[in-house]
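The structure appears below as structure tokens.
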Amino acid sequence: MPELPEVETVMRGLAPVMTDQVIAKADVRRDGLRWPFPSDMAARLTGQRVLGLRRRSKYILADLSSGETLLLHLGMSGRMLVSGAPLGVFHHSHPAPAKHDHVVLDMANGARITFNDARRFGAMDLMQTAGADAHALLAALGPEPLGNAFDEDYLVARLAGRGTPIKTALLDQHVVAGLGNIYVCEVLFRARIAPARRAGDLPQPAVRSLVPVIRAVLAEAIAAGGSSLRDYRQADGELGYFQHSFHVYDRAGQACVTPGCTGVIERLVQAGRSSFHCPQCQQ
DNA sequence: ATGGGGGCCTGCCGGC
DNA sequence: TGCCGGCAGGCCCCCA
């Protein structure tokens, strides 16, 4: 799935067609995805004005005029497709729902937003906007990596004494929210830290160095419009528009890109996930 | 508390 | 337009 930069990109793509617009019709085409949808979801969405979109970790939150907030997670394969340019009262030709189109929102401006998710690991829920942070899926999340609460002192304290590999620790959404497998691999490569190192054993300068690296990697990916993998699309439905090049992710067997390094990228499995790294530059 | 593994689903790719 | 096994960006839950 979309990790933080991709979710941010999707949210930015949805904002112009959804913000301040009324959901004229909600077509909920199955009972749920990873979990059952909230009761009467279609009715609770229909007629509501979208006051604004926010992102928390890999969740998109849409605040509605009803006082409820729609929570949306793309899981591994979720996509938000936008069709029907919001150009006015003419022009209302939408394609028929395709395979894995689970929820279709028709906005009053003529735009159609389709939540398509082949693997159905995605999620949608509704909650009161007031106190939305207390939602079960949000309450325990760690700080936003691009926010002020995430800093060097925090990370040092959070990783102290932890025996888990640094790779696994950074993937833990309670430590820092929004990193996924790809960006953790890239972050550790850029920080030159081996993924198998125990988090609590890392020298403090190494832990501190992770903070600006995490920020930079995410910011660059957002600036590039999110990374692009085979089945990732931007909100506007364009496939593979941004080709973000990774240094280590999915590059097993290829030469390390660090100038002067003769290492070859290796893949190892940690906590059931692939970790790509250069055994030569990452210590 | 912490850490590891299983499971949820479908699709794709490589090897045979 | 072959079949099968392995693998995939996430994350909750259960177990030791």
When you check the gap from the basic side-chain N to the acidic O, do A:R208 and A:D153 get nearer than 4.0 Å? yes

Taking only N/O atoms, report every protein-nucleotides 14-16 of chain B pair under 3.5 Å with atom names and distance.
none

What about A:R119: does its side chain form a donor-acceptor pair under 3.5 Å with the base of B:dC9? yes

Any side-chain N or O of A:R34 under 4.0 Å from OP1/OP2 of C:dC11? no

Between A:R190 and A:E186, is the closest basic N to carboxylate O distance under 4.0 Å? no

Here the gap from A:R44 atom CZ to A:L64 atom CG, rounded to the nearest 0.5 Å, amounts to 10.0 Å

Under 3.5 Å for both pairing distances: what stems, at least three Watson-Crick or G-U pairs long, include DNA chain B? B:2-8 with C:10-16, B:10-16 with C:2-8

For A:F121 and B:dC8, say yes or no: do the ring centres fall under 5.5 Å of each other while the ring planes differ by less than 30°? yes

Does C:dG9 have its OP1 or OP2 closer than 4.0 Å to a side-chain nitrogen or oxygen of A:K58? no

Would you mind reporting whether A:R251 and A:V257 have side-chain heavy atoms less than 4.5 Å apart? yes

Not counting sequence neighbours, which residues clear side-chain hydrogen bond (donor to acceptor under 3.5 Å, both in side chains) with A:D63? List them please. A:R54, A:T69

Is the phosphate of C:dC11, meaning OP1 or OP2, less than 4.0 Å from a side-chain N or O of A:H73? yes

It should be established whether A:S77 places a side-chain nitrogen or oxygen under 4.0 Å from OP1 or OP2 of nucleotide C:dG9. no

Can you find a side-chain donor-acceptor pair between A:S275 and A:Q270 that sits under 3.5 Å? yes

Side-chain donor-acceptor pair present, A:N181, A:K167, cut-off under 3.5 Å: yes

Looking at A:Y183, does any N or O in its side chain come under 4.0 Å of the phosphate oxygens OP1/OP2 on C:dG9? no

Taking OP1 and OP2 of B:dT10, is either one under 4.0 Å from a side-chain nitrogen or oxygen of A:K99? no

Of the listed C:dA8, B:dG3, B:dG7, the closest approach to the A:T164 side chain comes from B:dG3

Taking only side-chain nitrogens and oxygens of A:T168, does any of them come within less than 4.0 Å of OP1 or OP2 of B:dG3? no

Taking the ring centre of each residue, are A:F115 and A:H102 less than 6.0 Å apart? no

Detail all sub-3.5 Å separations between protein N/O atoms and N/O atoms belonging to nucleotides 14-16 of chain C.
none

What are the residues of residues 155-163 of chain A, sorted by number, that bring a heavy atom to within less than 4.0 Å of DNA chain B? A:R162, A:G163

Heavy atoms within less than 4.0 Å of DNA chain C: which residues of residues 173-181 of chain A have one? Give them sorted by number. A:Q173, A:G180, A:N181

Check this one for me: any side-chain N or O of A:R273 less than 4.0 Å away from OP1 or OP2 of C:dG9? yes

